[in-house]
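Note sheet for the following structure.
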Amino acid sequence: MTRHWLMKAEPAEESVDDFLAAPAQTLPWTGVRNFQARNFIREMSPGDGVLFYHSSCAQPGIVGIAEIAGRAEPDATQFDPANKYHDSKARREKPLWSQIAVRVVRKTRLLGLSEMRSAPALESMIVLRRGNRLSITPVTDAEWRAVLTLLDRPPAV
DNA sequence: GCCAACGTTGGC
DNA sequence: GCCAACGTTGGC
C-alpha cells in the first residue's frame with residue numbers, strides 16, 4: 001500500500017537542491033536518531049510519497065515533492081566514528097538505526113509553516129501539533145491531496 | 001539567544 | 001519502574 005510521509009531536513013545540512021543535484025536525484029536519508037522516526041523508515045515502501053520540508057532555517061516549510069526510492073537498510077553513519085551521527089552502541093551485526101533512499105521528484109513553491117497553520121485542511125497534520133519534534137511523520141491521503149492543491153495556488157500568506 | 005516541549009539517561 | 005535532570009529540537 002502506498003503511504004505518504006513528511007520528512008524534515010535542515011537545508012544547511014542537506015537541502016532539496018542537494019537531492020536534485022545528486023545522481024538520479026536520490027540520496028540516502030541518514031542520521032535519524034529517534035526510535036519513532038526510525039520505525040517510520042522501516043514502514044516505508046518504494047513509491048511512497050514524501051513532502052520535503054525545510055526546518056531550522058529562515059523560511060521553514062514544504063519545498064518539494066519526493067518519493068521513497070528503496071527499502072530501509074542499516075544507516076551507514078552509525079558505524080563511522082568520524083561521522084557526527086556515529087553511535088558507539090551500534091554493531092554491524094546488530095544495527096540500531098535505519099536509512100532509506102529518497103528521490104526528489106520536483107521542487108515546489110515554498111508552502112510556509114505559517115501558511116500551513118492557516119489552512120483548515122491541514123489542521124490534522126502531526127507536524128503542526130504543538131511541541132511536535134518528530135523529523136518524520138505520516139501524512140494522510142486527505143492531507144497529501146490538500147497540500148498538493150495548496151501548492152497549485154499562489155501563496156496565501 | 002530564548003524557551004516550550006519532548007526524549008533519554010541514570011540514580012534509586 | 002519511577003522520576004528528576006539533562007539534552008535536543010525547532011520556531012521565533
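To find a chain, count down the sequence lines: A is the first, B the second, and so on, and within it residues start at 1.
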Open item on the list: Quick check for you: name the first and last nucleotides of DNA chain C, 5' to 3', having an atom under 4.0 Å from a heavy atom of chain A.
Closed with: C:dG7 to C:dC12

Task: Presence of salt bridge, A:Lys84 and A:Glu13, under 4.0 angstrom - done: yes

Task: A:Asp75/A:Arg38 ion pair, N-O < 4.0 Å - done: no

- [ ] Verify side-chain contact (heavy atoms from CB on, under 4.5 Å) between A:Val32 and A:Gln99, making sure each step is shown before the conclusion.
- [x] CA-CA 8 Å; A:Val32 170; A:Gln99 68 179 39; over 6 Å; no

TODO: Step through it carefully: locate the ring centre of A:Trp5, locate the ring centre of A:Phe52, and say whether they are under 6.0 Å apart.
DONE: no

Task: Pair A:Trp97 and A:Phe35, ring centroids less than 6.0 Å apart - done: yes

